[in-house]
Amino acid sequence: MAKAKQQQARKPGGPDLPRGMDLLNRQGLNKGTAFTEGERSALGLHGLLPPQIESLEEQVGRAYEAYQRKDDDLERHIYLRALQDTNEVLFYRLLLDHIEEMTPIVYTPVVALACQQFSHIYRRPRGLFISYPLRDSIPELLRNRPDPEVDVIVVTDGERILGIGDQGAGGLGVPIGKLSLYSLIGGIRPERTLPIVLDVGTNNAARLNDPEYLGWRHGRISGQAYFDFVDQFVQAVKQELPGTCLQWEDFATPHARPILQRYRDEMLTFNDDIQGTAAVALGAVLAAVKVTGKSLKDQQIVMLGAGSAGIGVADGLRAAMKGEGLSQQEARSHFWVVDKDGLLHSGRKDLTTEQSVYAQPGDRVAGWPRTFKGQIGLADVIGRIEATILIGLSTVGGAFTEAIVRELARKVQRPIIFPLSNPTTKSEAKADDLIRWTDGRALVATGSPFPPVNYGGLTIPIAQCNNVFIFPAMGLGVVASGARRVTDAMMLAAAQALAANSPALKGSSASLLPPLADIRRVAAEIAIAVGLEAQKDGFAPKMAEDELRQRVIAAQWTPVYPTLR
């Protein structure tokens, strides 16, 4: 409650305002050529700037011209990051004016390449490196943060970066990119965000052998020592930044869920790969199911991928099915989950506790063909059941073959097919192939961006089922409502609000998810739904919906230059 007011009330100025070059070197205060005559006189800027005074709009035009001169996506990413480190308001206004074009550059898919090249493109510090050798000094490291007040932290250990694996300290590129979108879309003030990498080493030989690698040159710490280090970090955050929302990002499957389970009931925290991915996928699925005219509880869902993201999506869908009246066992029976070793079934002894929830009874699949390494594979499942939804979170590029997709489409009028792995090279199928193989009938959302597909005289936009629809709104919702926890019910409320804003509900060939140009408005609607659910569960102060809406609007920062006094 107080946080939302504090966000708006804080204005640059006062006796501590830097002058001259010190001011121009502060990316949160620098206005470049937009400093007024009065500001230049009062703050010692005359002579340091060219005489022409520009508007923010004029600066955006020149910045976009420079952006267009870059030859490839990595160079564009580097340019935008440099602008972010120089003038944050201009950076965010440029992104806002070109949001569909530039979101893939600052985040997926280009951020994957930026993480791989992190040590080679490093220019200026942003965020915190908390390395294992300094594990007994974590509170002191947190006190070195650039700004004392922090609303959202995004932290990674760099082990499972997108679909490209262990990047060590270079994984910091993902929290930087994520928090850029927290500010761009959710409106969290940039200075109140903090990207962090827990540098526990890397097992990536290419990184360790790279003479320019900037991280701790050591194999990854594992076992109890790893979890003890994470706990030292969490206790330091609770001590130094109580009430700050802590988002876990790109942790490997053996660590992601145990960390979430351990801390979710004692602090404001969530895992975006598990819960955010589940919420955005559920939102898109709910919209697609509405287009078909059926109910979620009637669907047979096949999932390729049983890691933390895949199981998280299944958990979200299962919770929604229970909300439609199915029992726990009935809901579980609607899922057919396939991993690298085949279908999850009760005869397998290698399943985790979370995976075992989706293990089909052995007698239900007895006598099924086993054409995948002697096990029941994806093609075998699609051949034996009348699947209506096919979701991929496997990072296996091309896994949804033409034969599999055509067999699925043979049995259902409007198949729902979501190849959600990213970057693009890891996508289970290309969007245009899915439309062609299903004679234009498929309802498609993807993890990476794909251009619209022209088919049968229609231009079919492809929804990018990106967590960007959820996590910025979640941050806005918890900040504005004063929530103390992030619950599964809040994630479900976010998914339902996202589905309610689907363009496909007004035209069946429209995108399943809103356009990025509308995403700030949708984020506000999702944030309100999140805040209301937090109140309902007793995790946020009670207030009327109108008051919550006002707080959400007030908390959503927009990139405009303040007047400096």
Side-chain angles (χ1 to χ4, degrees), residues 74 77-78 81 85 111-146 150 153-179 193-241 244 246-256 258-260 262-263 269 271-273 308:
L74 182 60
H77 178 92
I78 293 169
R81 283 281 294 106
D85 289 337
V111 74
L113 180 58
C115 287
Q116 289 175 312
Q117 298 294 320
F118 184 87
S119 296
H120 294 261
I121 66 175
Y122 181 82
R123 301 292 187 271
R124 292 184 61 178
R126 177 170 287 268
L128 294 179
F129 294 85
I130 298 181
S131 58
Y132 187 77
L134 298 177
R135 58 193 177 277
D136 294 327
S137 304
I138 298 178
E140 289 84 353
L141 300 183
L142 287 176
R143 291 181 203 127
N144 289 339
R145 62 189 182 271
V150 178
I153 293 170
V154 175
V155 62
T156 186
D157 70 352
E159 187 171 9
R160 194 205 64 85
I161 295 299
L162 302 171
I164 59 174
D166 186 355
Q167 300 302 317
L172 183 62
V174 169
I176 291 172
K178 284 259 176 175
L179 287 168
T193 67
L194 181 61
I196 295 178
V197 61
L198 301 179
D199 187 1
V200 294
T202 179
N203 293 334
N204 186 326
R207 299 291 88 81
L208 291 173
N209 294 328
D210 183 352
E212 294 188 36
Y213 179 60
L214 293 171
W216 182 43
R217 291 179 183 274
H218 194 283
R220 278 192 171 270
I221 299 301
S222 60
Q224 192 57 45
Y226 172 88
F227 286 108
D228 288 345
F229 176 63
V230 171
D231 191 60
Q232 285 181 285
F233 167 69
V234 170
Q235 300 313 320
V237 169
K238 291 168 68 175
Q239 171 188 321
E240 299 295 324
L241 292 165
T244 295
L246 176 63
Q247 178 192 309
W248 306 92
E249 183 69 28
D250 285 352
F251 284 73
T253 299
H255 298 148
I259 289 172
L260 176 64
R262 179 169 181 179
Y263 300 111
T269 191
N271 182 299
D272 189 49
D273 303 301
S308 57

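Keep in mind that the numbers below use all heavy atoms, side chains included, and drop hydrogens, waters and symmetry copies. Predicted model only: the values in this text are computed from it and were never measured.
Side-chain atoms of E140 and N144 include no donor-acceptor pair closer than 3.5 Å. Side chain to side chain, D136 and Q232 meet the donor-acceptor criterion of an N or O pair below 3.5 Å. A side-chain N or O of D166 and one of T202 form a donor-acceptor pair less than 3.5 Å apart.
Considering CG of L214 and CG of D199, their distance stands at 10.0 Å, rounded to 0.5 Å.
Between P146 and L194, the closest heavy-atom pair is CD-CD1, 4.1 Å. In plain terms, the two heavy atoms of V237 and L142 that are nearest each other are N-CD1, 3.7 Å. In this structure, P175 and I196 approach most closely via the heavy-atom pair CG-O, 3.8 Å. D210 approaches R217 most closely through the heavy-atom pair O-NH2, 2.7 Å. Of all non-hydrogen atoms in I161 and V174, the two that sit nearest each other are CG2-CG2, 3.9 Å.
Electrostatic pairing of R135 and D228 does not count as a salt bridge here, judged by no charged N lying under 4.0 Å from a carboxylate O. Using a 4.0 Å cut-off between charged side-chain N and carboxylate O, R126 and D85 make a salt bridge.
Between Y226 and H255, the angle of the ring planes stays under 30°, which puts this pair in the parallel group of the 30/60° scheme.
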